Amino acid sequence: MKKLFLCLALFSSMVAQADDKTVSSPDGRLQVTIACNNGHATYAVSYDGTQVVKPSALGLVTNLGDFTSGLTMQEKASQMSINNRYKLTQSKRTEVDYKANRLQVDFNTEKRVPMSVIFQVSNNDVAFCYQLGRGPRDNPKCAIIEREATAFNLLDGTTTFLSPQITPMTGWERTKPSYEEDYEADAPMTKASHFGVGYTFPCLFKSPLPTEGANVWILISETGVTSQYCGARLSDYKPGTGYTVEYPQEGENNGFGSTSASIMLPGFTPWRTITVGSTLAPIVETTVQFDVVEPLYEPSEKYQPGRYTWSWLVWQDSATTYDVQVQMIDLSAEMGFEYCLVDALWDTQIGYDRIEELAAYAKSKNVKLMLWYNSNGSENDAPQGPRGVMNNSIKRKQDMAWMKRIGVKAIKVDFFGGDKQETMRLYEDILSDANDFGIQCIFHGCTLPRGWERMYPNYVGSEAALASENVYFSDYHARQEGFEMSMHPFSRNAVGSFDWGGMMMNRYMSRDNKSRHQRFTGDIFELATAITNQVSVNCVAMYPNNLEELPQFELDFLRQVPTTWTETRYIDGYPTRYAVIARKATNGKWYVGGINGTNAPMTLTLNLPMFAGKTVTYYVDELDKKAQKTQQAAAKAAEKAAKAAPQTPGPRGRNRVTLPPYWPTPAMKTLKVDAKGQARVTLQPMGGLVIVE
C-alpha cells in the first residue's frame with residue numbers, strides 16, 4: 001500500500017510538472033516557468049540552467065474578486081515571437097532591435113472573470129504584466145486593483161543594493177517620499193528597510209550560484225506606468241515569500257487619492273521587469289524599460305538635447321535675480337551651451353514681464369531658457385513659486401502658451417506627492433500639455449521614470465535619487481559623492497534618464513569658491529560623470545569664476561561633451577565602489593568615463609575594443625608622490641579606525657569616506673591601447689578618467 005501511495009504521489013507530481021508552462025529567451029539562456037498548484041499561480045526564473053528566482057507568487061486582489069487563490073490554469077497557452085526595431089531619441093542608445101518570446105497564460109476563477117499573465121522574455125530580461133478581461137456577459141467593464149501578490153523570491157545568501165522608501169508627508173516641508181534616501185550596499189536580504197515600508201525601484205541584487213565564486217546580478221523594476229495606474233515599490237524581505245509588490249501609502253499626496261489602481265476592462269497592469277546577468281553588463285545596457293511600451297503621442301517638434309547652466313546649486317535662492325541670470329546666460333553662451341535654467345522664485349524675484357526680457361536676451365546669445373515650477377498647491381508645504389500652476393489645467397496651459405510665445409523651451413517641475421494614480425495623472429497631464437507647446441520636461445523631488453523616454457517624447461529626465469544638491473547641503477554627502485555616483489549606473493540610471501544636477505566645477509560649495517565645505521572629488525571625476533551618467537539635457541554646474549580657474553583642456557572638454565548616445569557599454573565596475581562606462585556619440589566618437597568612489601587608489605586593466613591599437617586622448621586625476629603618501633596614510637588610518645569603531649559611523653550604518661583636504665591634479669595625456677584593446681589605468685581616490693578617440 002505504501003508503494004502504491006508513493007507511485008500515485010510521483011505520478012501526481014509528474015502531471016503537475018507536465019502542465020507547467022515555459023518560455024525562454026531567444027538565446028535559450030533565460031527561462032521562465034509558470035505553474036499552478038492548489039489554485040495558486042507561481043513563476044520561477046532560471047539562467048544557464050540554474051534557478052535564480054525561486055517559485056514566486058502571482059496574482060491580484062481586486063474589487064471583482066481574489067485572483068491569488070482558487071485559480072485554474074488553462075491547458076492552452078498563447079505563444080509568439082517578437083521582433084521589433086524602434087528608435088529612441090533621449091536615452092542610452094538610438095536604435096533598439098528587440099527580440100523576445102512571448103507567452104500568455106490564462107487563468108479562470110470561480111468568479112469566471114478571466115485573468116491572464118503575459119511574459120516577454122528577451123536575452124537577459126523578463127517582463128510580465130497582468131490582464132483582466134470582462135465577464136461572460138461583457139460585464140463588468142471596470143475594476144479596482146487593490147493589491148498584488150506578485151513576489152520575487154530570491155536565492156538564499158543574496159545581498160542587496162537598495163534605497164528605502166520613506167513614510168509620506170515627512171522631511172523638509174513634508175515633501176517626501178521623493179526617492180531621495182541613502183543606498184546601502186552589500187546588505188543581507190534579512191536586514192529590515194530603514195523606515196519599515198520597503199524599497200523604491202529599481203532594486204539591485206547579487207545572488208550566489210552553486211559554482212564556487214560564481215554570482216548572478218538581478219535588477220528588479222517596473223515600467224509602463226501612466227495615468228492609468230499607480231507606481232509601486234518592493235516590500236521588506238519575507239522569508240519563504242521574498243519581496244512583494246506594494247502599492248502607494250495612504251498618506252502620499254497629502255492623503256488625497258486612492259492607494260489602489262482603477263482600470264477599464266479589459267485592462268493591463270504595468271510591467272514588472274527582471275534583468276539577469278553573470279556580469280553587470282546586462283544591467284547597465286538593458287532597454288527592457290522601453291522594449292515593452294509604446295509612444296503615447298507624437299512629438300510636436302524635434303526636441304533639442306544639450307547642456308545647461310544652473311545658478312541655484314551653489315548660489316541658491318538669492319541668485320534668482322535678473323542680473324545674476326544674465327551672467328549665467330552669458331556663461332552658457334561663452335561655453336556654447338544650449339540652455340540656462342532659471343530656478344525657483346523667479347515669479348517674485350524677477351517677475352513674468354522681466355522673464356520675457358530675459359528670454360529675449362538669451363535668444364540674442366543663442367541660448368534658450370528653462371524655467372522652474374512647483375508641481376503643486378496642496379500636495380505638500382514646499383513654499384517656492386510659482387505654485388498652483390502645474391497642478392491646475394487652466395493655469396498650466398496659460399503659462400505654457402506664454403512660454404511658447406517668448407521662446408522658453410523646457411521646464412523643471414519639482415516637489416511631487418508620491419506614487420498614487422492621482423500623482424501619475426499629474427505627471428502625464430504636464431507632459432502631454434507641454435508637448436502641445438513644444439516644451440521639454442525635467443522632474444525633481446519625484447518618482448522614478450518608468451519607460452517615459454519612449455512613451456512621452458518631450459520627457460528629458462528625473463532626479464529620483466539623492467542628487468547634487470545634497471553635496472551642497474552637507475559635508476557628509478560631499479564625502480559620499482563617490483559612493484552615490486558609482487551606484488547609479490547599475491541601478492537608478494540603468495532604468496531611466498537621471499538629472500543628477502551637474503558636473504560640479506567649484507572646489508568649495510560657496511559663491512566665493514573658498515568657504516563652506518569642499519568638494520571631495522577630482523575635476524576629472526566630475527567630467528567623467530558626463531559619461532557615467534546619462535541624460536539628454538545635462539547640467540554643467542559651473543560658474544563665471546570657473547572660466548578663469550579651470551585648465552583650458554577642461555573648458556574645451558565641457559564645450560564639446562555630448563549628451564546623446566547611439567550605444568552604451570559596460571566596461572567595468574562594482575556598485576558604490578567604481579564604474580567605467582563607454583558611450584558612442586552621434587558623431588561616431590566613443591567616450592569612456594571612469595570614477596572611483598572609494599578612498600583608495602585602484603589600478604584596472606580595461607577592455608576597450610573600440611580603441612584597439614590606437615593612441616587616445618586621456619584625461620585623468622593624478623597625485624604627486626607627496627600626495628600619494630599622504631593619501632595612503634589617510635587610507636590606512638581610516639581602515640584602522642573603521643575596524644576599531646562600531647559599524648555605525650554614518651546614516652544607514654555606512655562608513656564615511658575620509659579624505660585629506662586636497663584635490664588630485666587633473667591632467668590631459670595620451671594612452672596607448674594595445675592591439676587586443678586592453679589598457680592599464682589607475683583611478684585615484686575619488687578620482688576619475690575620461691578616454692576619447
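Note: hydrogens, waters and symmetry copies are ignored here, and every other heavy atom, side chains too, is used. Being a predicted model, the structure only gives us computed values, none of them experimental.
A donor-acceptor contact closer than 3.5 angstrom links the side chains of Tyr574 and Asp186. Side-chain contact check for Tyr237 and Ser193: no donor-acceptor pair (N or O, by modelled atom type) lies under 3.5 Å. Residues Glu246 and Thr244 bring a donor and an acceptor atom of their side chains to less than 3.5 Å of each other. Side-chain contact of Thr568 with Glu285: a donor-acceptor pair under 3.5 Å is absent, judged by distance alone. Under 3.5 Å, the side chains of Gln120 and Arg102 contain a donor-acceptor pair of N or O atoms. Side-chain atoms of Gln289 and Thr223 include no donor-acceptor pair closer than 3.5 Å. Between the side chains of Thr33 and Asp20, no donor N or O sits under 3.5 Å from an acceptor N or O. Counting only N and O atoms by type, the side chains of Asp572 and Tyr578 include a donor and acceptor under 3.5 Å apart. Residues Asp419 and Tyr229 bring no donor and acceptor atom of their side chains to less than 3.5 Å of each other. Checked by atom type, the side-chain pair Glu148/Tyr247 shows a donor-acceptor distance below 3.5 Å. The closest side-chain donor-acceptor pair between Ser25 and Asp27 falls under 3.5 angstrom.
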For this session: Walk me through it: do Arg454 and Leu88 pass the test side chain to side chain contact (heavy atoms under 4.5 Å, CB included)?
Result: CA-CA 6 Å; Arg454 189 173 184 211; Leu88 287 171; 3.9 Å; yes
Problem set entry | Derivation and outcome, side chain to side chain donor-acceptor pair (under 3.5 Å), residues Glu453 and Ser497 | CA-CA 8 Å; Glu453 292 91 326; Ser497 297; 2.8 Å; yes
For this session: Walk me through it: do Lys54 and Asp156 pass the test salt bridge (Lys or Arg N to Asp or Glu O under 4.0 Å)?
Result: CA-CA 10 Å; Lys54 297 185 290 186; Asp156 294 344; 3.4 Å; yes
Exercise. Are Gln104 and Asp106 close enough, and set up right, to give a side chain to side chain donor-acceptor pair (under 3.5 Å), and what steps lead you there?
Worked result: CA-CA 6 Å; Gln104 178 172 323; Asp106 300 326; 3.1 Å; yes
For this session: Start with the C-alpha distance between Val225 and Thr447, add both sets of side-chain angles, then the distance that settles side chain to side chain contact (heavy atoms under 4.5 Å, CB included), and finish with yes or no.
Result: CA-CA 11 Å; Val225 180; Thr447 193; over 6 Å; no
Exercise. Side chain to side chain contact (heavy atoms under 4.5 Å, CB included) between Asn124 and Thr286: does it pass, once the steps are laid out?
Worked result: CA-CA 8 Å; Asn124 298 107; Thr286 184; over 6 Å; no
For this session: For the pair Asn533 and Phe498, evaluate side chain to side chain contact (heavy atoms under 4.5 Å, CB included) and give the outcome as yes or no after the intermediate values.
Result: CA-CA 7 Å; Asn533 181 41; Phe498 179 30; 3.2 Å; yes
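Using modelled atom types, no side-chain atom of Arg492 and backbone atom of Met487 make a donor-acceptor pair closer than 3.5 Å. In this structure, the side chain of Gln228 does not engage the main chain of Met264 through any donor-acceptor pair within 3.5 Å. In this structure, Thr287 contributes its side chain and Phe290 its backbone to no donor-acceptor pair below 3.5 Å. Between the Arg29 side chain and the Ser46 main chain, no donor and acceptor come within less than 3.5 Å of each other. In terms of modelled atom types and a separation under 3.5 Å, the side chain of Ser56 and the main chain of Asn153 share a donor-acceptor contact. Side-chain N or O atoms of Thr160 include none that pairs as donor or acceptor with a backbone N or O of Leu162 at under 3.5 Å. Side-chain N or O atoms of Lys420 include one that pairs as donor or acceptor with a backbone N or O of Glu252 at under 3.5 Å. Listed for the Thr273 side chain is a donor-acceptor partner under 3.5 Å among the backbone atoms of Ser221.
Side chains of Gln421 and Ser227 form no contact here, defined as non-hydrogen atoms less than 4.5 Å apart. By the 4.5 Å heavy-atom criterion applied to side chains, Phe107 and Phe67 are not counted as neighbours. Counting heavy atoms from C-beta outward, Val580 and Leu606 have side chains that approach closer than 4.5 Å. Annotation: side chain of Trp565 is in contact with side chain of Gln534 (closest heavy-atom distance under 4.5 Å). Put simply, the side chain of Tyr456 does not reach to within 4.5 Å of the side chain of Asn435, judged on heavy atoms. A heavy-atom distance below 4.5 Å is found between the side chains of Leu60 and Met115. You'll find the side chain of Val288 reaches within 4.5 Å of the side chain of Thr275, heavy atoms only. Annotation: side chain of Cys36 is not in contact with side chain of Thr72 (no heavy-atom distance under 4.5 Å).
Pairing each heavy atom of Ala77 with each of Leu103, the nearest pair is CB-CD1, 3.6 Å. The minimum heavy-atom distance linking Ser122 with Leu30 is given by the pair O-CD2, 3.7 Å. Nearest heavy atoms, Tyr591 versus Ala585: CE1-CB, 4.0 Å.
Using bins of under 30°, 30° to 60° and over 60° for the plane-to-plane angle, the ring pair Phe152/Phe128 lands in the tilted bin. The aromatic rings of Phe443 and Phe416 stand perpendicular to each other, their planes meeting at an angle above 60°, with 30° marking the opposite boundary.
Between Glu222 and Arg450 there is a salt bridge, with a side-chain nitrogen of the basic residue lying less than 4.0 Å from a carboxylate oxygen of the acidic one. A salt bridge is defined here as a Lys NZ or Arg NE, NH1 or NH2 lying under 4.0 Å from an Asp or Glu carboxylate O, and Glu428 with Arg425 fails to meet this definition. Salt bridge absent: Arg93 and Glu95 never bring a charged side-chain N and a carboxylate O closer than 4.0 Å. The pair Lys99-Asp97 counts as a salt bridge, with a side-chain nitrogen and a carboxylate oxygen less than 4.0 angstrom apart.
Separating the CD atom in Glu484 from the OG atom in Ser163 is a distance of 9.5 Å, to the nearest 0.5 Å. One distance of note links CG of Asn101 with OG1 of Thr22; it measures 10.5 Å at 0.5 Å rounding. Rounding to the nearest 0.5 Å gives a distance of 4.0 Å between OG of Ser262 and CD1 of Ile144.
Counted within 6.0 Å of CG on Asn139, heavy atoms from surrounding residues, nucleotides or ligands total more than 12; the atom is thus considered enclosed. Lys141 NZ: more than 12 foreign heavy atoms inside a 6.0 Å radius.
For the side chain to side chain contact (heavy atoms under 4.5 Å, CB included) with Leu154, the qualifying choice from Val52, Thr159, Ile218 is Ile218, the only one to do so. The only member of Phe161, Tyr243, Trp217, Tyr199 that meets ring pair (Phe, Tyr, Trp, His ring centres under 6.0 Å) when paired with Phe205 is Tyr243.
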